[in-house]
Protein chains: 2
Amino acid sequence: MSGRTVTITEVARHAGVAVSTVSYVLSGKRTISAGTRRRVLDSIDALGYHPHAGARALASKRSNVIALVLPLRAGMHVPVLMRFASAVVTAARRFDHDVLLLTADEGTDGIRRVAASALVDAFVLMDVELDDSRVPLLRELAEPSVLIGFPAEPAGLTCVDLDFAAAGAQCVAHLAERGHSRIALLGAPAVVYERGTGFARRTREGFVAAVAAHRVTGVALPCEETFDEVYSTLSRLLRDQPDLSGLVVHNEAAVGHVLSALRQLGRRVPEDVAVVAICPDDVAERASPPLTSVLIPAEEVGREAVRLVMDKLDGKPAPDATLLTPHLALRAST
Amino acid sequence: MSGRTVTITEVARHAGVAVSTVSYVLSGKRTISAGTRRRVLDSIDALGYHPHAGARALASKRSNVIALVLPLRAGMHVPVLMRFASAVVTAARRFDHDVLLLTADEGTDGIRRVAASALVDAFVLMDVELDDSRVPLLRELAEPSVLIGFPAEPAGLTCVDLDFAAAGAQCVAHLAERGHSRIALLGAPAVVYERGTGFARRTREGFVAAVAAHRVTGVALPCEETFDEVYSTLSRLLRDQPDLSGLVVHNEAAVGHVLSALRQLGRRVPEDVAVVAICPDDVAERASPPLTSVLIPAEEVGREAVRLVMDKLDGKPAPDATLLTPHLALRAST
DNA sequence: GGGGAGTGTCGAAGCGCTTCGATGACCGGC
DNA sequence: GCCGGTCATCGAAGCGCTTCGACACTCCCC
């Protein structure tokens, strides 16, 4: 099979109709009688026809490809990124679109280039930061875009993310309900807060607000990702506050170290210290003990981002902000 | 700026030349006088011209896009995958190509579809397994492809990977030189070996061969990824072989647990047990103590894969197998 | 039983680019 | 001073598709 590539003309000839009729069968943009449609569809499959993407893009001014733009900083959050990416591809396919991968190496030029060359119809940006250099460019582009994460000035943009403030608050509420009155948040490395990464700050804000609301004592600390740093942070914390009994960990890479360090400091989980994590499910499940956690719903975020960008492509209005409700999964650590 | 999109016709008019001349300036396929070239290039920049990707693909039968096909199984190896992906994109850009991301969800149909629709010119497959359903399809496609990893029957295919057998052997050699005569390999979870994943097996083979060659005692065990499993495997191992003093860990997810478990079993690293890991650099560096490791050179593999696929696109011959030499980085754990 | 409103289908004109053959201008050799 | 050969450039023919206007029917209402 597949000697040469099959064109719409051959399909038309095979089905005994005009080329335009085949096109209309495929696009559904004009009514076609059931009989003709059948014949055309049969010919399509008999010949193994696939429309030529370039020709289609040229004639229709739509490439049916969206760009997925990777974050500026590699190294953070990595496994989650992969799940986002995979979710975005899967969701895009459901709208009959493919996904072009763009890295930050090329910076804003890459975005400009693929937009200008009509390679893609729209953009999904992952892991947007508060002060993101790609954002101003997006504003002047004709192509629609959706951001995963929130920049400092999100007005007029379409952004999706987990509601991290609610996630932080939910962890506090959970620990408070369990009777813990002195708790701590171990967050991202200090540099991440300084850089102004939105999700880290928002979690902390949610934590702080909930601590006040629930009338418990809580302290939020940044947390480096080496065992030694985690160990010393924790031992200091437990020395200063011996009755600390609840811990919220929002740092995927440090989760394992936190558990090891507690073990080594002679604290049992959950008997002495209850631990809630904000991290992907697989990390929480693989920990020992498995962690009660607020999962980062990568699939859901990816799917939602694609849905929004498709709405915008169709000219439908899209809400500026979409915050996905966090869900707490109960496991052995609380 | 950028009211409407600029076409080659407008560039030609602006520069006072024919459309074909502009095209030849861009492609270099015919000689153009220096003066004309200059004028054309100036016009291109003045107008901000970018060739329309679809039109170009239609006329030239080349899309300048390659497909990057994600592995069938998600969840394994994840951060490394992301680095591969990023390396592939960066390398592809150097050849003026973009990268389309394909997931396994769509299976072989996705590959067939993008090939038939001329969306991509070539394929790079990540994390190929011994018995990979995508391989037979690739063989019948006209588009060139390169595999990262090795299937069971690689004849006639172009494959790239780290030389895992050499990596396993190198770890053994390193430990043997340091005077360790009783060592063990903690590998991937049992299911990974059963599934026939190439890199896991090849590391083990390299380990076993090197153990014999260096006349040391060595045992290779699969290794699950929860702390409890790691702990019990290790404690059993140390009970049965109290003088075991060298450990090779080829399981990114278990690295942290191995160190915690050793700590908890009262063995110091490297004083009591020397540990070598085969894992990405960042994992080795973040461990405590930082691990001597054979790094998985994601960037290099990605770059090499792209280079090979571009050679094939140009009709140049490409070697069937490319094995990248492993490099051992000395750190505190041995 | 003639006019208007749908239906279903066709033909042709592009979309923006590459590429092939043709054409002029210019050169050196006789 | 005319001929063959480069060199630089042009014009036009597609590439495979979508879309627009036109056309031929059928149906129904007055």
Side-chain angles (χ1 to χ4, degrees), chain A residues 2 4-41 43-44 47-65 96 113-121, chain B residues 2 4-41 43-44 47-65 96 113-121:
Chain A
S2 91
R4 244 188 58 279
T5 134
V6 185
T7 71
I8 198 173
T9 311
E10 301 169 39
V11 174
R13 182 169 22 247
H14 187 274
V17 299
V19 164
S20 50
T21 303
V22 177
S23 178
Y24 287 125
V25 166
L26 254 20
S27 69
K29 294 193 179 173
R30 286 202 180 171
T31 47
I32 297 287
S33 66
T36 307
R37 185 202 314 302
R38 252 286 43 88
R39 250 175 325 125
V40 168
L41 292 176
S43 298
I44 284 178
L47 301 178
Y49 168 69
H50 287 265
H52 187 289
R56 196 197 269 263
L58 179 57
S60 69
K61 314 192 155 319
R62 285 287 221 103
S63 66
N64 275 33
V65 174
D96 195 34
R113 180 176 56 81
V114 298
S117 65
L119 233 187
V120 307
D121 297 332
Chain B
S2 92
R4 243 188 60 278
T5 133
V6 185
T7 71
I8 198 173
T9 311
E10 301 169 40
V11 174
R13 179 164 29 242
H14 187 273
V17 299
V19 164
S20 49
T21 303
V22 177
S23 178
Y24 287 124
V25 165
L26 254 20
S27 69
K29 293 191 180 176
R30 286 203 181 171
T31 47
I32 297 286
S33 67
T36 308
R37 185 202 315 303
R38 252 283 49 85
R39 252 179 318 129
V40 169
L41 292 176
S43 297
I44 284 178
L47 301 179
Y49 168 68
H50 287 263
H52 187 289
R56 195 196 269 262
L58 179 57
S60 69
K61 313 191 157 321
R62 285 289 219 101
S63 66
N64 275 33
V65 174
D96 194 34
R113 180 177 56 79
V114 298
S117 64
L119 232 188
V120 307
D121 297 334

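Proteins get letters first, then strands, A, B, ... in listed order; numbering begins at 1 in each. We use all heavy atoms of the structure for the numbers below, so side chains are in, but hydrogens, waters and symmetry mates are not.
At a threshold of 4.0 angstrom between heavy atoms, the contacts of B:S23 include nucleobase atoms, whether or not backbone atoms are also involved. As judged by a 4.0 angstrom heavy-atom cut-off over every strand, A:S33 is placed among residues touching the sugar-phosphate backbone only. Contact annotation for A:V17: backbone-only contact, meaning every heavy-atom pair under 4.0 Å involves sugar-phosphate atoms and none involves a base. The residue A:S60 sits close only to the backbone: its heavy atoms come under 4.0 Å of sugar-phosphate atoms, none of a base. Within 4.0 Å of B:I32, counting heavy atoms only, lie sugar-phosphate atoms of the nucleic acid but no base atom.
Phosphate proximity of D:dT18 to A:R56: present, with a side-chain N or O under 4.0 Å from OP1 or OP2. One finds no side-chain N or O of A:T9 lying less than 4.0 angstrom from the OP1 or OP2 phosphate oxygen of D:dG16.
Here the closest non-hydrogen pair linking B:Y49 and B:T7 is CE1-C, 3.6 Å. Here the closest non-hydrogen pair linking A:P51 and A:R56 is CG-NH2, 2.9 Å.
Rounding to whole angstrom units, NZ of residue B:K61 and P of C:dC20 are separated by 12 Å. Distance B:R62 CZ to D:dC15 P: 19 Å, rounded to the nearest Å. Atom CZ of B:R39 and atom C1' of D:dA8 are 11 Å apart (whole Å). Between the CZ atom of A:R13 and the P atom of C:dG11 there is a distance of 13 Å, given to the nearest Å. Regarding A:L119, its CG atom lies at a distance of 13 Å from the P atom of C:dC17, rounded to whole Å. One atom, CD of A:E10, and another, P of D:dG16, lie 8 Å apart when rounded to the nearest Å. For A:L26 and D:dC17, the CG to P distance is 9 Å, given to the nearest whole Å.
In this structure, the salt bridge (charged side-chain N to carboxylate O under 4.0 Å, His left out) partners of A:R38, at least two apart in sequence or on a different chain, are A:D42. Residues passing the side chain to side chain donor-acceptor pair (under 3.5 Å) test with B:S117, sequence neighbours excluded: none.
Of the candidates D:dT9, C:dC17, D:dC17, C:dC17 carries the atom nearest the B:H52 side chain, counting heavy atoms from C-beta on. In this structure, of D:dT9, C:dC17, D:dC17, it is D:dC17 that holds the atom nearest to the side chain of A:Y49. Picking from D:dC10, C:dC17, D:dC17 the nucleotide with the shortest atom distance to the side chain of B:I8 gives C:dC17. Considering only the side chain of A:T7, D:dG16 comes nearest among D:dT9, C:dG8, D:dG16. Comparing atom distances between the A:T31 side chain and each of C:dG8, D:dG14, C:dG11 picks out C:dG8 as nearest.
In this model, a side-chain donor or acceptor of A:R30 finds a partner on the base of C:dT9 within 3.5 Å. Residue B:S20 places a side-chain atom within donor-acceptor reach of the base of D:dG11, judged by atom type and a 3.5 Å distance cut-off alone.
Each of A:T36 and B:V19 was assigned the nucleotide of DNA chain C with the nearest heavy atom; the assignment lying further toward the 5' end belongs to A:T36. Both B:L58 and B:Y24 sit near DNA chain D, but only B:Y24 has its closest nucleotide nearer the 5' end.
Checked by atom type and distance alone, the side chain of A:N64 pairs as donor or acceptor with a backbone atom of A:D96 at under 3.5 Å.
Of the residues listed (A:V11, A:V6, A:V22), the one engaging A:S43 in a side chain to side chain contact (heavy atoms under 4.5 Å, CB included) is A:V11, and it is the only one.
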